[in-house]
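These notes are about the structure you will find just below.
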Protein chains: 2
Amino acid sequence: MARDDTPNAATVGATERSFRILERLGEREGCGVSELAESLSISKSTVHNHLQTLRELGYVVQEGDEYRLGLQFLGLGDRARQHHDLYHVAKPETDSLVEAVGERAQVMVEEDGVGIYVYQSLADQAVRTDSHIGTVVDLHATSVGKAYLAHLSDDRLDAVLDQVAFDEQTPDTLTDAEALRTELDEIAERGYAFNDEERTVGMRAVGAPILSADDGRVLGAISVSGPTTRMNGTWYHEEVPEMVAQSAQIIGIRATYS
Amino acid sequence: MARDDTPNAATVGATERSFRILERLGEREGCGVSELAESLSISKSTVHNHLQTLRELGYVVQEGDEYRLGLQFLGLGDRARQHHDLYHVAKPETDSLVEAVGERAQVMVEEDGVGIYVYQSLADQAVRTDSHIGTVVDLHATSVGKAYLAHLSDDRLDAVLDQVAFDEQTPDTLTDAEALRTELDEIAERGYAFNDEERTVGMRAVGAPILSADDGRVLGAISVSGPTTRMNGTWYHEEVPEMVAQSAQIIGIRATYS
DNA sequence: GCGTTCGTTCGGCTCAGCAGAACGATTGTC
DNA sequence: GACAATCGTTCTGCTGAGCCGAACGAACGC
């Protein structure tokens with residue numbers, strides 16, 4: 001079920017190239033043909049052809065000698081998000097949570113074995129990181145992901161864990177499937193998950209699952225994250241978890257009855 | 001400068017096909033291979049190849065026999081939007097505006113001769129239409145577009161107007177370039193623009209330009225729209241314009257000094 | 001159990017897409 | 001001010017990638 005099932009099936013190479021170009025354009029904040037061609041090991045003329053095509057389609061814009069991602073992607077992204085009605089009910093509650101806690105909050109849903117942030121809300125003092133709406137996150141190395149996994153049915157969980165690479169991201173990342181399973185049991189009982197610098201050094205997070213109010217199915221998860229300098233003591237271990245779990249419950253109820 | 005400059009230049013056909021498929025997937029809320037193939041006049045096997053490619057890239061997800069747009073597009077859209085810092089400063093003010101007015105508000109920026117909504121906020125009573133984040137709108141047939149055009153430099157305005165098709169969308173759509181120019185002069189003087197069922201029958205809107213506080217350059221526009229049943233009288237002609245213009249000014253100031 | 005329609009796989013043909021070289025335009029440097 | 005370097009763009013030829021149509025197996029539904 002997860003990404004990269006069939007490594008090299010019969011696919012359309014030109015489409016792959018186009019998206020490699022687009023993703024690179026997203027990483028750099030707009031760049032020129034030569035830079036793209038070299039970093040992707042594609043000939044300049046090919047890159048140029050793709051960019052012209054994408055420009056005519058409106059998915060890339062040209063500013064002098066630079067190319068940028070076009071805003072048309074907002075449309076495709078929004079369309080994709082509208083299938084997950086969780087977004088609409090989670091948005092106002094997430095904003096309220098951020099207002100109460102400060103820091104940063106994000107709402108995650110699962111898609112094809114990975115977690116994707118569908119909404120993020122930042123307080124003024126929130127730490128700027130590279131995570132944003134649409135960011136793909138590992139389910140086993142984030143508080144949202146673990147909170148989600150903890151309430152997944154056994155067979156779905158097995159399918160996801162088989163795919164997880166368990167690549168070590170920081171010295172404290174969980175690298176053992178069994179250790180993760182026992183932690184997931186604790187999380188399921190406790191009702192929320194912690195992430196103590198497992199993904200990013202200096203950052204802690206608290207995540208809670210968003211559960212359907214009628215059948216208990218897990219719809220997604222929500223988390224609050226901030227620097228270790230502020231996220232500590234009972235604030236980190238008790239008060240924030242309390243608020244996150246409460247918001248998650250409200251979202252779950254509103255998602256069920258709406 | 002505007003869309004569809006060079007109709008059939010040297011382009012990558014496979015990429016065009018992929019995006020035609022993706023856009024169609026966005027219109028229907030997920031559909032099967034055969035339906036896509038028939039409506040796009042592409043053979044089933046080709047559609048299938050593209051979908052498999054896009055699935056491996058994470059931009060399409062497969063649910064049984066149906067395909068949907070993937071949430072990965074949120075990432076590309078967000079990256080594109082981050083180049084327009086207007087979004088971040090406009091978001092909270094737009095939410096406040098919606099809270100005060102009710103109805104619906106949207107923030108538009110121009111890209112390549114067309115307007116694109118980068119943010120939209122809905123009150124509970126707001127009318128559901130097909131417009132959403134990422135929607136492409138004509139600059140001459142919307143209140144946001146006209147408010148924007150009214151403050152564009154003469155040469156940029158000429159470039160845009162040459163491209164406008166002036167296709168009649170409703171019986172009241174402006175179809176004459178000169179009539180539009182005189183209306184733009186009025187709008188520039190007045191400070192806000194109306195849209196009285198020009199694009200959608202039964203809907204009215206009030207838009208105001210977002211201007212840079214130092215050099216007066218137009219950064220985008222913001223509008224409030226609602227049904228004619230509620231948008232009328234002095235509420236429509238005076239009070240709403242007042243609030244929209246004030247929000248636009250606040251956004252312009254915050255966009256300039258931040 | 002048959003007919004229909006789905007998604008997927010297979011194979012062959014042709015043209016679309018690739019790389020590399022050549023071309024102007026622009027920039028910066030001595 | 002001329003040269004060198006680098007940019008984006010254009011051009012050309014070759015070949016394999018991508019297209020179509022047909023065949024396949026599975027899943028409904030009358």
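Order of the sequence lines sets the chain letters (A, B, ...), proteins ahead of strands, with each chain counted from 1. Because the structure is predicted, anything quoted here is derived from the model rather than measured.
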**Item:** B:Arg104 side-chain N/O to B:Val127 backbone N/O, donor-acceptor pair under 3.5 Å
**Value:** yes
**Item:** Residue whose nearest DNA chain D nucleotide is more 5′ - A:Leu51 or B:Ala14
**Value:** A:Leu51
**Item:** Atom pair distance, as rounded to whole Å: CG in A:Leu54 and C1' in C:dG17
**Value:** 14 Å
**Item:** Atom-pair distance (CG on B:Asn49; P on C:dC10), nearest Å
**Value:** 12 Å
**Request:** Assert yes or no for the condition that the ring centre distance of B:Phe19 to A:Phe19 is strictly below 6.0 Å.
**Result:** yes
**Message:** Can you say whether a donor on the side chain of A:Lys44 sits under 3.5 Å from an acceptor on the base of D:dG8, or the other way round?
**Reply:** yes
**Item:** Proximity to the side chain of B:His50 - top-ranked nucleotide from D:dC19, D:dC20, C:dA19
**Value:** D:dC19
**Message:** Check this one for me: any side-chain N or O of B:Tyr67 less than 4.0 Å away from OP1 or OP2 of C:dT8?
**Reply:** yes
**Message:** I want to verify a distance call: between C:dG7, D:dG8, C:dC18, whose nearest atom is closest to the B:Asp65 side chain?
**Reply:** C:dG7
**Fill in**
note: A:Glu38, atom CD; C:dA19, atom C1'; distance rounded to Å ~ 16 Å
**Message:** Whole angstroms only, please: what is the CD-C1' distance between A:Gln62 and D:dG8?
**Reply:** 9 Å
**Request:** Using whole Å, report how far CD of A:Gln52 lies from P of C:dG17.
**Result:** 15 Å
**Message:** I'd like to know whether B:Leu71 forms a side-chain contact (heavy atoms from CB on, under 4.5 Å) with A:Val118, so could you lay out the CA-CA distance, the side-chain angles of the two residues, the decisive distance to 0.1 Å, and finally the verdict.
**Reply:** CA-CA 8 Å; B:Leu71 289 170; A:Val118 290; 4.0 Å; yes
**Asked** Checking all strands, does B:Thr46 fall into the base, sugar-phosphate, or nothing category for heavy-atom contacts under 4.0 angstrom?
**Response** base
**Item:** Gap between atom CZ of A:Arg17 and atom CG of A:Asn49 - 0.5 Å precision
**Value:** 11.5 Å
**Request:** In whole angstrom, give the distance that lies between atom NE2 of B:His48 and atom P of D:dC24.
**Result:** 18 Å
**Item:** Selection from D:dT9, D:dG21, C:dC18 that lies nearest to any side-chain heavy atom of B:Ser45
**Value:** D:dG21
**Asked** D:dG18 P sits how many Å from A:Glu16 CD, rounded?
**Response** 8 Å
**Message:** Here's a test of your reading of the structure: between A:Gly32 and A:Thr15, which maps to the more 5' nucleotide of DNA chain D?
**Reply:** A:Gly32
**Prompt:** With a non-hydrogen cut-off below 4.0 angstrom, is A:Ser34 in contact with a base, only sugar-phosphate, or nothing?
**Reply:** sugar-phosphate
**Asked** Which listed nucleotide (C:dA19, C:dT8, D:dT9) is nearest to the side chain of A:Ile42?
**Response** C:dA19
**Request:** Round to the nearest Å and state the distance from B:Arg17 atom CZ to C:dC15 atom C1'.
**Result:** 11 Å
**More than 12 heavy atoms of other groups within 6.0 Å of B:Asp154 CG** = no
